[in-house]
Every structure is written in C-alpha cells, then in structure tokens.
There are 2 protein chains.
Amino acid sequence: MKIDPENPADLSAQIAAAIRDAIVDGTLIVDERLPSEAELAEQFAVSRPTVREALKRLAAQSLIRTQRGATGGAFVNRLSFEAAQPQQITTSTLLLSMNAVSFETACEARYALERACAPLSAERRTADHLATMRAEIHRQGHPGLTDEAFCASDVAFHRALVDGAGNPVLSYQLAGAVEAMQPLMNMITFTARSRGKIIELHTSITDALERQNAAATQSALTALETETQSLAQSVFAERAKKPG
Amino acid sequence: MKIDPENPADLSAQIAAAIRDAIVDGTLIVDERLPSEAELAEQFAVSRPTVREALKRLAAQSLIRTQRGATGGAFVNRLSFEAAQPQQITTSTLLLSMNAVSFETACEARYALERACAPLSAERRTADHLATMRAEIHRQGHPGLTDEAFCASDVAFHRALVDGAGNPVLSYQLAGAVEAMQPLMNMITFTARSRGKIIELHTSITDALERQNAAATQSALTALETETQSLAQSVFAERAKKPG
DNA sequence: GATTTCTAATTGTCTGGCATTTGATTGGCA
DNA sequence: TGCCAATCAAATGCCAGACAATTAGAAATC
C-alpha cells in the first residue's frame with residue numbers, strides 16, 4: 001500500500017484508493033482491523049486529519065466501519081446487498097435527474113430488465129411474493145390514495161415481482177432501476193381510469209406468475225410498459241399545451 | 001439544511017447527509033457552488049475539519065468536486081454515467097466476492113439481464129457495435145491468448161452487445177453485472193476446445209444481431225449461458241477432486 | 001494596450017490538544 | 001475464591017489555529 005509522495009495534492013484520495021485496492025484485491029479481508037489512524041498517518045507520512053479524510057471516503061462507500069473505544073478502529077466491512085442498495089438507488093436517481101434521461105428511455109430500461117426477471121420469477125415465486133403483490137394491488141384500488149402513494153405501492157409491487165426470481169444479484173440491480181423511476185412516475189397524474197387499467201395489468205401479471213406462465217408474464221409486462229408510456233406521453237403533451 | 005446537535009457523534013455523516021439530500025431534492029443544482037468550508041463550519045456550528053470530512057464523503061460518491069484558488073470551492077457535480085460506472089463496478093465486484101454468491105447465481109443474473117437487452121440491441125445495433133464484436137471474436141481465436149485476456153475480451157464483447165441497445169440506463173446497469181463477473185470467470189481455465197465453443201456461440205450471437213433477429217439472439221445467449229454454467233461446473237468439480 | 005506583479009480567497013495539510021467511548025485491568029469486598 | 005466496581009489505556013470524534021499552495025482578479029508597470 002503506497003502513495004505517490006511527489007504529488008502533494010489529493011493525499012487523502014490517494015490513501016483512500018490504496019486502501020480500497022487492498023480491499024478489492026483481497027490484501028485486506030472482511031472484518032480485518034486497519035491500523036489505527038495514528039499508525040496509518042505514520043505509515044503514509046501524513047497527518048491524522050488527512051488519514052481521517054481518507055477513511056471517511058471509504059466509509060461513504062460502506063467499505064469500512066469505525067468503532068470507538070479501546071478495541072475500536074476501522075474495520076473492513078462485509079458489503080451487504082442491503083447496505084449497497086440505498087446508495088445504488090440514490091446514484092441511479094441522480095443519474096436520471098441530472099442527465100436529462102427521457103421518461104421513455106428510463107421506462108424502456110426498467111421494463112426490459114423486469115422482463116428478464118419474469119421467467120425466473122414465474123418458476124420460483126413463493127406464496128409470500130404473490131400475497132405481497134395482491135396486497136399492493138388491493139391498496140392501489142383504494143379511492144383515497146394519493147398519486148404519490150399509488151406510485152410507492154407500484155414500486156413495492158414490482159420489487160416483489162423482482163424478488164420472486166430468488167436471485168439477490170438481480171434484486172440488487174433491479175432495485176436501482178425500479179426505485180429510480182419513482183420520481184419520474186411521480187410527475188404523472190393518475191386518473192381513476194388509468195389506475196383501473198394499471199391495476200388490471202398488475203392482476204394479469206400476478207395471475208400469470210401464479211400459473212407459472214413466463215410468456216404470459218412477459219406479455220403482460222409489455223402491455224404495462226405500453227400503457228405507462230402512452231400515459232406519460234399524454235400527460236406530458238397536456239402539460240406542454242398549457243404551461244404553468 | 002439542518003443537523004441534529006443533540007447527537008454529538010457522526011457529525012460529518014450528518015452534514016454529508018444534509019448536503020446530499022439538498023442535492024437529491026434539487027435545493028442545490030448542478031454546478032452550483034457550495035459555501036466555503038469556513039462558512040459551512042459556521043452554519044453547522046462545527047469545525048472546518050469536520051466539514052471537510054463531510055465534503056470528502058460526498059466527493060467519494062462523485063456528488064461534488066472541489067477546486068482550489070480564489071474562485072474555488074466545492075461544486076455540485078453533474079453525475080455522469082461514465083463517472084458512476086467504475087464505482088458501480090467496484091461495488092458489484094465486492095458484493096459478489098464478499099457474499100459468497102455462487103457462480104451459478106451470478107451467471108444466471110448476468111445472462112437474464114443480457115437477454116433483456118437482446119431485442120433492443122437487435123433493433124438498434126450499429127455497424128460499429130457489430131465490428132467491435134467481430135473484432136473481439138477474432139482476438140479470442142488467437143492461440144497465445146492468456147485466460148485472463150480471453151476473459152477481458154469476453155467482457156468487451158458483451159459490453160458491445162449491451163451498448164448496442166442504445167439505452168444508457170441499460171448500459172450502466174449491465175456494466176456492473178458483466179464486469180463484476182470477470183473475477184469469477186478468471187477462476188476458469190479455458191481449454192482450446194471450450195474456447196472454440198464459446199467463439200462459435202459469440203459468432204451466432206453476432207450473426208443474429210446482424211440479421212436483427214431478437215429471438216435467435218436470445219436463444220444463442222441462452223446456449224452460451226448453458227455452456228458457461230457447465231464449463232464452470234466441470235472446472236469446480238475437478239478442483240474439488242484434487243485440492244491444492 | 002499588454003504584460004507583469006500583487007493580493008485576496010479558498011482549499012489542502014499539519015500540529016497539538018481535549019472529549020468521549022469502551023474494553024481490559026486491578027483492587028477491594030464478601 | 002469469586003464477583004463487582006473503580007480505574008486505566010487506547011482509540012476515535014472533534015476542535016482551534018496556523019501555514020502552504022493555488023488561482024482568479026485587480027493593480028501596477030512598461
């Protein structure tokens with residue numbers, strides 16, 4: 001673990017990179033304790049605040065955790081899917097909002113990915129997954145539901161669908177795509193009629209999964225994508241007509 | 001932007017979260033300059049090192065960039081897909097290696113996601129994408145190629161396939177899944193015979209894409225998945241027989 | 001008017017110190 | 001001997017102040 005002493009700027013970034021590399025290539029293993037801040041400062045020939053800045057960078061990526069006290073210190077974190085997901089969602093959300101990604105593009109990606117889960121989910125979904133999906137469908141039918149709550153329930157429905165595939169890697173990747181869409185979906189006003197259509201399609205998806213019919217699940221998802229796209233298009237067209 | 005003064009621990013994390021929230025909800029917009037470190041320290045009633053630790057956390061996530069000098073400071077970064085991808089790949093790689101995800105599970109997720117790109121890629125792939133894929137296939141046929149270089153070429157091939165879909169959201173999500181598999185793939189020894197089979201399947205994939213035949217692309221991908229899985233299984237079985 | 005120099009603002013880093021937390025040690029007491 | 005409380009030591013969390021390096025703009029000079 002070495003840093004470049006020639007370049008006196010960005011010392012904390014260099015130190016963070018050195019430690020990160022050591023974690024990635026296995027030099028530092030899970031739950032291993034890093035040297036204390038004072039020792040690291042000595043090793044890298046920098047001051048303690050600089051070391052601390054480096055450690056905070058790593059902590060921001062959940063690569064390490066710190067613990068105070070006599071046996072405390074910085075420990076290599078076991079990066080869990082649960083810990084990585086919130087950050088993945090934040091990043092995906094910002095990517096969409098800051099890069100002028102069209103609703104169409106985001107929606108296309110999301111449904112393409114969900115269709116990828118469909119065959120696995122049709123095979124492996126448990127009664128629990130189906131129950132969650134039906135519960136969300138039921139909630140979506142409630143008349144007093146705000147648009148935002150409707151979207152949140154939609155996300156919960158789709159996450160259950162994805163989790164039904166029983167593949168944590170898929171669930172992790174899809175969480176970003178599905179949740180990041182929520183701010184975009186929240187821009188849509190859902191009329192009673194469009195809600196009814198969506199609920200109908202959610203029901204066909206759930207039915208198809210229950211019958212373990214992968215093809216039917218995929219075509220229902222495609223229908224839902226088409227419906228969502230045209231709904232968004234009409235909302236945006238309406239908004240363009242009367243600005244303000 | 002407020003922090004909880006009651007809880008004296010984790011001040012830098014609280015400040016980082018406050019600023020991150022301001023960026024996510026649009027209070028701070030792209031390229032906007034944050035107050036100087038001294039001003040932030042005053043606002044949050046903490047010291048400058050604490051503010052700096054918070055800023056480093058945000059810099060680690062590419063949410064801000066800093067610039068020295070008279071008109072310098074911390075600026076909200078436009079989070080680009082290019083900047084987010086390396087971190088997404090690092091995270092995905094660590095998730096696989098630290099969570100004992102089986103080769104089977106990771107492989108299944110990867111090919112499910114790639115199949116999701118196939119229809120779009122069949123529709124939109126350019127001559128450039130096809131040329132890249134054929135070039136990688138050609139490289140893979142070179143006899144002197146190390147296993148590691150073969151894997152790297154494999155990754156390049158699949159990334160071209162994914163990029164062919166012309167959807168940056170898909171490319172971003174898939175990059176994590178594809179690249180993170182590389183360390184797992186590197187554990188496999190590729191015989192001349194297995195390389196030949198893979199090259200053959202890569203060729204059918206490229207041919208199907210060239211003919212814009214989505215179904216053929218998907219079934220070729222499925223065949224490649226089956227081949228990869230059985231290859232891995234035999235390698236691991238062999239390794240289990242004679243340990244060391 | 002162009003070039004050079006100066007200046008002010010800002011981040012990057014260091015030194016030194018104190019507060020807080022927490023496990024380990026040690027001493028006292030039953 | 002066994003248990004419990006007080007103490008201790010190590011480590012992180014935080015702070016104050018200072019200096020160095022960089023950079024843009026202003027001022028001075030040719």
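Below, each value reflects all heavy atoms present in this structure, side chains not excepted, and no hydrogens, waters or symmetry copies. The chains referred to below are lettered A, B, ... by the order of the sequence lines, with proteins before strands, and numbering in each begins at 1.
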If I take atom [atom1] in residue [X] and atom [atom2] in nucleotide [N], what distance separates them, rounded to the nearest angstrom?
| X | N | atom1 | atom2 | answer |
| --- | --- | --- | --- | --- |
| B:E39 | C:dT10 | CD | P | 6 Å |
| B:E37 | D:dG17 | CD | P | 17 Å |
| A:L34 | D:dA10 | CG | C1' | 16 Å |
| A:L55 | C:dT13 | CG | P | 14 Å |
| A:F44 | C:dT13 | CZ | C1' | 16 Å |
| A:E53 | D:dT12 | CD | P | 16 Å |
| B:E42 | D:dC14 | CD | P | 19 Å |
| B:R52 | C:dC14 | CZ | C1' | 11 Å |

Inset, instruction - Please check the phosphate of D:dC15 (OP1 and OP2 only) for any side-chain N or O of B:T50 closer than 4.0 Å. - result: yes
Legend entry - Residues within residues 60-77 of chain A bordering DNA chain C, heavy-atom distance below 4.0 Å: A:R68, A:G69, A:A70, A:T71
Inset, instruction - Kindly determine whether B:T126 and B:H129 satisfy side chain to side chain donor-acceptor pair (under 3.5 Å), including the steps that lead there. - result: CA-CA 5 Å; B:T126 66; B:H129 295 126; 3.1 Å; yes
Nearest to the side chain of [X], which nucleotide is it out of [options]?
| X | options | result |
| --- | --- | --- |
| B:S47 | C:dT13, C:dC14, D:dC14 | D:dC14 |
| B:K56 | D:dG13, C:dG12, D:dA16 | C:dG12 |
| B:V46 | C:dC14, D:dA11, D:dC15 | D:dC15 |

Inset, instruction - Among residues two or more places apart or on two chains, list those pairs meeting side-chain hydrogen bond (donor to acceptor under 3.5 Å, both in side chains) that have a residue in residues 19-31 of chain B. - result: B:R20-B:Q61, B:D25-B:T27, B:D31-B:R65
Legend entry - side chain to side chain donor-acceptor pair (under 3.5 Å) partner of A:R48, the single match among A:E37, A:E53, A:E42: A:E37
Legend entry - B:S153 and its side chain to side chain donor-acceptor pair (under 3.5 Å) partner, picked from B:H138, B:H142, B:Q140: B:Q140
Check whether [X] reaches the backbone of [Y] with its side chain - one donor and one acceptor, N or O, closer than 3.5 Å.
| X | Y | answer |
| --- | --- | --- |
| B:E104 | B:Q229 | no |
| A:R57 | B:A59 | no |
| A:N99 | B:S80 | no |
| A:E179 | A:V155 | no |

Inset, instruction - May I ask you to verify whether the side chain of B:R48 and the base of D:dG17 hold a donor-acceptor pair under 3.5 Å? - result: no
Legend entry - side chain to side chain donor-acceptor pair (under 3.5 Å) between B:N167 and A:T105, intermediate numbers included: CA-CA 7 Å; B:N167 186 315; A:T105 303; 5.2 Å; no
Measure all distances between protein nitrogen or oxygen atoms and nitrogen or oxygen atoms of nucleotides 2-5 of chain C, and list the pairs falling under 3.5 Å.
none

